[in-house]
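Here's the structure we're looking at; comments come further down.
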2 protein chains.
Amino acid sequence: MSLPTRRRPPPRPSGSTASERLKEAAIIEFSDRGFHATTTRDIAARAGLSPAGVYVHFPSKEDLLYAITLDGHLAALEMLQEAATDAPSPVEALRTTVGTFAQWHAERFQDARVVQYEFPHLGHEHREHILGIRKQINAVVSDILTLGVAEGLFDVDDIPATTLAILSMAVDVCRWYDSEIKRSPESIGNDYGELAVRLVSARG
Amino acid sequence: MSLPTRRRPPPRPSGSTASERLKEAAIIEFSDRGFHATTTRDIAARAGLSPAGVYVHFPSKEDLLYAITLDGHLAALEMLQEAATDAPSPVEALRTTVGTFAQWHAERFQDARVVQYEFPHLGHEHREHILGIRKQINAVVSDILTLGVAEGLFDVDDIPATTLAILSMAVDVCRWYDSEIKRSPESIGNDYGELAVRLVSARG
DNA sequence: ACGTCACCTAAGCGCTTGCTTAGTTTCGCT
DNA sequence: AGCGAAACTAAGCAAGCGCTTAGGTGACGT
């Protein structure tokens with residue numbers, strides 16, 4: 001194999017239930033090595049279980065990926081919807097939703113990497129289900145842009161395309177962020193909220 | 001395995017040399033399934049060779065990934081530098097470089113996915129070498145922003161952070177783009193060039 | 001005609017994979 | 001105390017993995 005020396009730290013069972021520990025372990029391994037390069041033995045060892053112990057809680061490795069991916073998408077969607085609801089204006093809504101989204105992609109970059117990059121490796125049915133949640137995430141931002149344009153606050157040519165570009169900026173945070181980076185997730189969130197507002201503001 | 005039915009189309013040797021055919025085949029397979037999920041037998045079959053034929057041209061699967069990754073990075077860097085050199089002003093330079101970069105990430109989205117997402121699976125030495133090219137890519141945009149700020153054309157608080165956000169938008173194109181999408185790579189490039197200019201323009 | 005060398009393949013080696021099976025331990029409940 | 005279910009493990013299976021080896025084949029210079 002091309003990755004010969006894989007150092008495996010001793011298992012530290014942090015979660016309370018075995019199921020949670022397995023998900024935490026799998027997030028670390030999947031985000032490090034990718035879904036297909038991670039073995040069920042890697043995950044079991046990190047969760048403090050025998051290789052067979054995984055299958056007590058999840059019927060397959062792919063189901064473990066699905067559980068993680070679902071958790072992540074639902075968490076992100078809820079954060080976005082809450083931020084959007086609490087905002088007094090479209091400008092503020094855009095700033096806080098994008099800020100929240102970007103902050104999450106930094107703070108929980110390992111979860112986010114699994115959510116964003118291992119998603120294509122889900123089975124067909126699971127992938128379809130997650131796609132529905134993705135559309136809702138998209139709609140949160142898209143609706144804010146539509147409202148802002150209607151109120152004359154935003155200058156946007158193509159709302160779906162701009163929604164995509166704004167979310168792209170935030171999603172990509174999890175690609176380059178890691179724990180050694182000095183900027184705090186909060187400040188990254190603030191910056192990206194501000195950048196999003198700039199993107200849709202009328203040209204000076 | 002979790003991907004039981006993998007339909008393998010008959011090999012169509014499009015490239016001229018076997019080495020080129022192998023790289024083309026590997027780009028398709030790596031971008032579809034990921035580096036670790038792709039077998040050397042998959043690649044060989046698509047290139048019209050026996051499994052052992054791969055090793056006549058590349059010493060290992062990881063070396064094949066490196067060759068592809070290097071090609072992609074150098075191509076992207078050259079396109080950026082050319083676009084930057086030809087531009088008459090920082091505004092035009094930013095528009096065309098980001099536009100070119102985004103267009104490439106759509107047009108060659110399979111190459112781009114390998115370049116961006118399989119990069120972490122390179123061996124240590126190869127990864128370090130590629131990192132040097134990435135810094136040059138970053139510098140192209142960063143230098144344009146610095147010049148634009150100096151000339152009073154751009155309003156940017158944090159040049160490295162803004163460089164990163166602009167490149168993020170363009171890089172992320174390869175995550176969602178595929179051949180069924182209606183927008184042409186050219187129009188995506190134009191849009192993203194325009195969005196980049198908006199991001200750095202003084203607030204209205 | 002002959003040797004050379006690059007290119008390519010059939011066969012297979014040693015190892016790892018996801019997952020199963022058969023059995024043991026632990027725990028809540030009566 | 002005793003029991004049934006749930007949690008867990010040791011052992012291992014069939015399949016697939018990256019890569020090697022030994023050998024064949026055809027183009028080319030001489």
Side-chain angles (χ1 to χ4, degrees), chain A residues 1-8 10-13 15-26 29-30 32-69 114 118 121-124 126, chain B residues 1-8 10-13 15-26 29-30 32-68 114 118 121-123 126:
Chain A
M1 294 285 272
S2 51
L3 294 172
T5 52
R6 55 172 61 165
R7 57 228 143 79
R8 185 172 332 176
R12 329 170 210 146
S16 51
T17 71
S19 181
E20 273 172 34
R21 270 184 287 131
L22 279 167
K23 283 199 273 187
E24 285 172 17
E29 300 287 335
F30 287 164
D32 259 29
R33 270 193 269 287
F35 174 68
H36 286 293
T38 299
T39 71
T40 54
R41 287 164 176 84
D42 289 337
I43 297 165
R46 188 180 283 276
L49 287 174
S50 74
V54 175
Y55 295 90
V56 175
H57 302 278
F58 298 93
S60 76
K61 187 172 107 169
E62 195 264 352
D63 276 278
L64 223 185
L65 175 62
Y66 176 62
I68 292 168
T69 307
V114 178
E118 307 308 326
H121 301 127
L122 284 170
H124 181 259
H126 287 158
Chain B
M1 293 288 272
S2 50
L3 294 171
T5 53
R6 53 173 62 167
R7 58 231 141 76
R8 184 172 333 176
R12 326 169 214 149
S16 52
T17 71
S19 182
E20 273 171 34
R21 270 184 287 131
L22 279 167
K23 283 199 272 186
E24 285 172 17
E29 299 288 334
F30 287 164
D32 258 30
R33 270 191 271 287
F35 174 69
H36 286 293
T38 300
T39 73
T40 54
R41 287 164 176 85
D42 289 337
I43 297 165
R46 188 180 284 275
L49 287 173
S50 74
V54 175
Y55 295 90
V56 174
H57 303 277
F58 298 93
S60 75
K61 187 171 105 168
E62 194 264 350
D63 276 278
L64 224 185
L65 175 62
Y66 175 61
I68 292 169
V114 178
E118 308 307 326
H121 301 128
L122 285 170
H126 287 158

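Per chain, numbering begins at 1; letters A, B, ... match sequence-line order.
- Between A:H57 and D:dA6, a side-chain N or O to OP1/OP2 separation shorter than 4.0 Å is absent.
- Between the B:E62 side chain and the B:G123 main chain, a donor and an acceptor come within less than 3.5 Å of each other.
- Between the P atom of D:dC17 and the CD atom of B:E62 lies a distance of 19 Å, rounded to the nearest Å.
- Spacing between atom CZ of A:F58 and atom C1' of C:dT20 amounts to 19 Å, rounded to whole angstrom units.
- One atom, CZ of A:R21, and another, C1' of D:dA7, lie 11 Å apart when rounded to the nearest Å.
- Although no hydrogens or angles enter the test, the distance criterion places no donor-acceptor pair under 3.5 Å between the side chain of B:T38 and the main chain of B:R33.
- Of the listed nucleotides (C:dT9, D:dC19, D:dC8), D:dC19 has the atom at the smallest distance from the side chain of B:Y55.
- In this structure, A:R41 places its CZ atom 11 Å from C1' of D:dA11, rounding to the nearest Å.
- With D:dC19, C:dC7, D:dC17 as the candidates, the nucleotide lying closest to the side chain of B:T39 is D:dC17.
- The listed nucleotides are D:dT20, C:dC8, D:dC19; the one nearest the side chain of B:T40 is D:dC19.
- Contact check for A:H121 versus A:F30: no side-chain heavy atoms found under the 4.5 Å cut-off.
- Separating the NE2 atom of A:H36 from the C1' atom of D:dC17 is a distance of 14 Å, rounded to the nearest angstrom.
- Atom P of nucleotide D:dA7 and atom CG of A:L22 are separated by 12 Å, given to the nearest angstrom.
- Of the candidate nucleotides D:dG18, C:dT17, C:dT21, D:dG18 has the atom nearest to the side chain of B:K61.
- C:dA6 atom P lies 18 Å from atom CG of B:L49, rounded to whole Å.
- Without hydrogens or angle criteria, B:E29 side chain to B:I43 main chain gives no donor-acceptor distance under 3.5 Å.
- Among the nucleotides C:dC8, C:dT9, D:dA11, the one closest to the side chain of B:A52 is C:dT9.
- Of the side-chain N and O atoms in A:S50, none sit less than 4.0 angstrom from OP1 or OP2 of D:dC8.
- Closest heavy-atom contact between B:F58 and B:K23: CZ-CG, 3.9 Å.
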